[in-house]
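Both ligands and their constituent atoms are indexed starting at 1 by order of listing. All values reported here derive from a predicted model rather than from experimental measurement.
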Amino acid sequence: MKVLKFGGKSLSNGEPIERAVNIIKEEARTGAIAVIVSARGQSTNLLLDLYARAVQGKNFEKELENFMDLQYMQGLDADLNAYQQEVGAVLHALQLIGIDSERARDRVLAYGEVISARTVASLLRREGLEAVFVDARDLLYARATANETVVDFPRSKSSTLAFFNSLQAHQIPVITGFIASDPTGRTITLGRNGSNYTATLIASFIRASEVQNWTDVDGVYTASPKYVKGAQRIPHLSYREANELANFGANVLHAKTILPLVESGIPLKICSSLAPGRQGTLIDENGSGKGIKAVTTVEDVSLVSIEGRGLLGKVGIDARIFSALSSRNVSVRLISQASSERGIGFVINKEDAAAAEHALTTEFKDELEHGSISHIRIDSDMAIIAIVGRHNYSLEKAIYGLRRNKVWMHLISNSINGEQISLVIDNKSLKKAVNVVHNQVFGAIKSLNLFAFGKGTVGGRLLDQIIETGDEVVKRRNLKINIVGVADSVRMIFNEDGLGRNWKQELAESDQESSLADIIFRLGESGLENIVIADNTSSQELAEQYPVLVNSGFDIVASNKKANSISYEFYQNLRNNLKRKGKLFYYETNVGAGLPLIDTIKHLHNSSDRIERIRGVFSGSLSYIFNNYSIQDKDFSAVLTEAKNLGLTEPDPREDLSGLDVARKLIILAREVGLKPELEDVSVQSLVPECVSDSKDYAELYSRKEEVDAYFEQIKRGLTEEEVLRYVGDLEVKENRLTVSLVKVSRNSPLGNIKNADSIFEIYTESYGAQPIIIQGAGAGSEVTARGVYSDLLRIGGQY
Ligand SMILES: NC(=O)C1=CN([C@@H]2O[C@H](COP(=O)(O)OP(=O)(O)OC[C@H]3O[C@@H](n4cnc5c(N)ncnc54)[C@H](OP(=O)(O)O)[C@@H]3O)[C@@H](O)[C@H]2O)C=CC1
Ligand SMILES: N[C@@H](CC=O)C(=O)O
């Protein structure tokens, strides 16, 4: 015989109960079945409310009407009116007596299951099945203890077997879940998950072939889908694993409900009544073998820590702690003790915190007074994350991910059989932590949550590239980049679920003012893991805030060169900060846009090949300008405008013309090879003609373009047929000399030969001698620069 249990949501009015009836009909076709039901929909809550109203002497008639309205269904052969009278009479009596008692409450609650079983039996009869209503109070017996309801197994088993033996073939018992009789014949409930317990108890008594638990979820998941979007259904679990899951927060199960099955080896299937065809989770003796099964969470627990030198080597301290707690009915969920015994930490339910504090401070009053115990501290607002299943390195992976995301672990506990690891963290970090741990231990698709500053030439293109190639990146790299926000200099938008193709319009229409402090706060509060900041602005103000971003736990990618080229002291402090916090900062596009330059320099430098000189055309925009200006019959200002329109120049092109941008790039490279220059140390030949150098902004400079054009025309006239102009950066390492100058070079030389907006870098090293390593290619432009930043992002994502 199979036992089918239906939860409250699966029996709600309308489609759910119709589906449940169909499931029962189908299963009845395959052999003998027994059905166990919970109270329908929200009935238990409504009955609890009715009970509370009655014992408080309040009116309940209207609420009772509402409750009964939800119970009625068309065409039932069972008379539910009688129950309205009966519940009303019980509530009325309670209203008069006004005494709140557990048995009285249980009696009222029992009506939920009774009406539900009557209704389901009646609906099955309407379908031509021989369904009989069974009140479980005639089968199951239990008594209340201080902590729980304890079932009288021998008596319950014998009355259940007697009943089932009396059943006729084809009769389908529809049995009330949740309720039993106490030794005095009064109603008693079986506690949390009580109907599931009824099902597994009855199944074990009658040696059922299986239990099907029909609910509104289609099985047990690798994490709560409430927190982890990528959680997967677990097809197969062992009883032991299910038990661990049940103890650590998987609320589709309760540990106690599994026990009767373990003893009798009956498999349990968790099935969704919303999608009956779908495979659920099978729980049996064998499970599916080794491997991590799930990452579960328990919210709202308290961490108790007792510390002091008086604990050192003293016999009986633990015994006193636990007997004090047990005297107040406080159960301990986890414990960890330092080997020196100077500290003991354990976790209890948050609602027991006050009782625990009282019990412990009373027990250890003397030790606290004498100082041999320095403190008994209770930190509430804690949570547990449990990794269930056996697998090598899962703890290391979890710790790595949590550290990276600044989640502090207060306590770590590893079960003796190695099948469960528990981590105690702050409740407020739970969402972030469970995502990190889940994705780490399952190697699931990792999320990188990106907040982007700057939506201009580079920033805008980057966001579009991420959106255009998102699916490919998930497939090839197991990484999902979620753009959770964008800010420009005026406004910002924020969407934890990730922005889509519409981001530009949403930003344009946003009424949220751009504010770095708000962004940091909101990202911190969001519970998002693996947050990366992209800086595609040229703002020094933002660059100066990188240490704050790092301290807030974010990694950074930047096309903005400012952080690497302002004072050396800032540069060094930022590096120290990054190291201390274990955060990443990539900025490959700072020099040479998308070219693999900075990385190459780093590798050469780290491999101890002494870099002696780096010389070349560092500026893509000036490369474009001089490549074209040298050979075309156009005004300088016209070519400058072309470069600006192509997105090659700095937001303020005076930074290119003044040589400041190239000087910054020299500084960045010099610092990569261990020098410590400041901007003032660079000798720069500015390209801004003296006559317009007092222009207060680019617009004014441009308005005086005739003077600019005349200046460059004169330089151009000085060129021979064979010569072209190149704006060259030169870093002479040994001499610690950094120069930027406009030089005439032969058209046929490597520098003279470059086209478009190409940059070229000649890297002279000790090993390569007079033959430099040459890196050449597009040195500016939205597409290549955005690609470079994207590649930095992927490098970070690869380390999650
Ligand atoms: N263009 C290129 O080829 C290359 C550029 N780079 C670097 O990339 C960076 C961006 O250049 P590019 O995209 O061309 O510049 P743009 O002028 O096109 O875009 C700059 C963006 O930054 C925003 N912004 C400015 N200040 C702030 C702030 N404090 N907070 C938030 N947003 C801000 C601007 O907002 P708003 O729209 O409101 O003004 C704008 O969206 C620069 O640092 C540049 O040096 C590096 C390599 C190559
Ligand atoms: N304006 C810069 C852009 C890249 O850094 C350049 O031209 O190189």
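When only modelled atom types and interatomic distance are considered, N536 and S559 share a side-chain donor-acceptor pair under 3.5 Å. For Y586 and S791, the side-chain atoms include no donor-acceptor pair closer than 3.5 Å. Side-chain atoms of Q512 and R522 include a donor-acceptor pair closer than 3.5 Å.
Ranked by closest heavy atom to atom 15 (O) of ligand 1, the top entry among S538, P651, G459, A543 is P651. Selection from L646, T649, V458 by nearest heavy atom to atom 11 (O) of ligand 1 gives V458.
The shortest separation from a heavy atom of G620 to ligand 1 is not under 4.0 Å, leaving the residue out of contact.
Residues that satisfy the ring pair (Phe, Tyr, Trp, His ring centres under 6.0 Å) test with F570, not counting sequence neighbours, are absent from this structure. By the ring pair (Phe, Tyr, Trp, His ring centres under 6.0 Å) test, F585 is found to be paired with Y546, Y587, residues two or more places apart in sequence or in another chain being considered. Residues passing the ring pair (Phe, Tyr, Trp, His ring centres under 6.0 Å) test with Y629, sequence neighbours excluded: F636.
Salt-bridge formation is not detected for the pair D599/K602: no Lys NZ or Arg NE/NH1/NH2 atom is positioned less than 4.0 Å from an Asp or Glu carboxylate oxygen.
Among protein heavy atoms, atom 10 (C) of ligand 1 sits closest to N536 O, 3.3 Å.
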Between ligand 2 and the protein, give all atom pairs where both partners are nitrogen or oxygen and the distance is under 3.5 Å, as lines of names plus distance to 0.1 Å.
unit_1: ligand 2; atom_1: 1 (N); unit_2: L648; atom_2: O; d: 3.1
unit_1: ligand 2; atom_1: 1 (N); unit_2: E650; atom_2: N; d: 3.4
unit_1: ligand 2; atom_1: 1 (N); unit_2: E650; atom_2: OE2; d: 2.9
unit_1: ligand 2; atom_1: 1 (N); unit_2: D656; atom_2: OD1; d: 2.8
unit_1: ligand 2; atom_1: 5 (O); unit_2: K561; atom_2: NZ; d: 2.9
unit_1: ligand 2; atom_1: 5 (O); unit_2: K665; atom_2: NZ; d: 3.1
unit_1: ligand 2; atom_1: 7 (O); unit_2: S619; atom_2: OG; d: 3.3
unit_1: ligand 2; atom_1: 7 (O); unit_2: G620; atom_2: N; d: 3.2
unit_1: ligand 2; atom_1: 7 (O); unit_2: S621; atom_2: N; d: 2.7
unit_1: ligand 2; atom_1: 7 (O); unit_2: S621; atom_2: OG; d: 2.7
unit_1: ligand 2; atom_1: 7 (O); unit_2: L648; atom_2: O; d: 3.3
unit_1: ligand 2; atom_1: 8 (O); unit_2: G620; atom_2: N; d: 2.8
unit_1: ligand 2; atom_1: 8 (O); unit_2: K665; atom_2: NZ; d: 2.5

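Between Y800 and N530 the shortest heavy-atom distance is CE1-CB, 3.3 Å.
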